[in-house]
Amino acid sequence: MNRPESENRDLFAIADLSHEFGISTRAIRFYEAKGLLNPERVGGTRVFRRRDRARLILILRGKRLGFSLRDISDYLSLYDAQSQTAQTKLLVAKVDERLSLLERQKADLETTIGELREIKKLAGERVGA
DNA sequence: ATTCTAACA
DNA sequence: TGTTAGTA
C-alpha cells in the first residue's frame, strides 16, 4: 500500500503522469518543448510538482475543447502573471469565439438528441418493443 | 528498468 | 504525436 494516489503526492515522474492521464511520455515532453510545462530537472530527469500536474490537467481539458496548444499556452499564462496586456485581450476574444462555437454545438446536440429520442420512441412503438 | 535527446514518419 | 536509436 504505497502508491498514495497522486492527490497526496508532491513529486511525479513523467511515467506517473502519463499513466494517470493516459497520454504518452512523448506528449508530455512535447508540451514542455512547446513551453506549456516547465518541470524541474534533477540531473537530466524531469521532476513534476503539483503545479505542473495542474497545468497538464488544464492542457488536456483545452485539447478536449478544441483549443490549439498555442491558445492553451496563452490561456495558461493567465494563471501565472495576470498581465492585462493586449495579448490577454486578444486571448479573451479567442475564448469568446470558442465559447460561442461550443454554445452553438451544445444547442445542436440537444436538438439532435431530442430528435433521435423521438425517432427511437416512434420506431419502438411501430415494432412493439 | 527508466528517462533523455534527436530524428524521421 | 508515434517510434526508434543510443545513452546515462
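Note that this is a predicted model, so its numbers are computed, not measured. Lettering of chains follows the sequences in order, A, B, ..., and the numbering in each one begins at 1.
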Query raised in the report: How long is the line joining NE2 of A:His19 and C1' of B:dT3, in whole Å?
Result: 12 Å

Query raised in the report: Run the salt bridge (charged side-chain N to carboxylate O under 4.0 Å, His left out) check on A:Arg98 and A:Asp71 step by step: do they pass?
Result: CA-CA 11 Å; A:Arg98 188 79 57 183; A:Asp71 290 342; 3.6 Å; yes

Report task. Mark yes or no for a side-chain to base donor-acceptor pair under 3.5 Å between A:Arg29 and B:dT3, with no hydrogen or angle criteria applied. Result -> no

Report task. Could you tell me the separation between the CD1 atom of A:Ile72 and the P atom of C:dT1, rounded to a whole number of Å? Result -> 9 Å

Query raised in the report: Is B:dA1 paired to anything, Watson-Crick or G-U wobble with both distances less than 3.5 Å, and if yes, which nucleotide?
Result: none

Query raised in the report: Over how many whole Å does the gap from A:Leu37 atom CG to C:dT1 atom P extend?
Result: 11 Å

Query raised in the report: Side chain of A:Arg51, backbone of A:Pro39: donor and acceptor closer than 3.5 Å?
Result: no

Query - Minimum-distance nucleotide to A:Leu69 side chain [options: B:dT3, C:dT1, C:dG2] - result: C:dT1

Query raised in the report: Rounding to a whole Å, what distance do you find between A:Glu40:CD and B:dC4:P?
Result: 14 Å

**Report entry** Below 4.0 Å: OP1/OP2 of B:dT3 and any side-chain N or O of A:Arg46
**Finding:** no

Query raised in the report: In whole angstrom, what separates A:Ile23's CD1 from C:dG2's P?
Result: 9 Å

Requested in this report: Remember a base hit wins even if backbone is also touched, and classify A:Thr25 as base, sugar-phosphate or nothing at under 4.0 Å, heavy atoms.
Outcome: nothing

Query raised in the report: Between A:Phe12 and A:Asp52, is any pair of side-chain heavy atoms under 4.5 Å apart?
Result: no

**Report entry** A:Arg26 side-chain proximity, nearest of C:dT3, B:dT5, B:dT3
**Finding:** C:dT3

Report task. Using a strict cut-off of less than 4.0 Å between a Lys/Arg side-chain nitrogen and an Asp/Glu carboxylate oxygen, indicate whether A:Asp108 and A:Arg104 qualify as a salt bridge. Result -> no

Query - Between C1' of B:dT5 and CD1 of A:Ile28, the distance in whole Å - result: 16 Å

Query raised in the report: What nucleic acid atoms does A:Lys63 come within less than 4.0 Å of, heavy atoms only: base, sugar-phosphate, or nothing?
Result: sugar-phosphate

Query raised in the report: Any side-chain donor paired with an acceptor under 3.5 Å for A:Arg29 and A:Thr25?
Result: yes

Query - Length of the line joining A:Glu32:CD and B:dT5:C1', which is rounded to integer Å - result: 11 Å

Query raised in the report: According to a strict under-4.0 Å criterion, is A:Thr45 in side-chain N/O contact with OP1 or OP2 of B:dT3?
Result: no

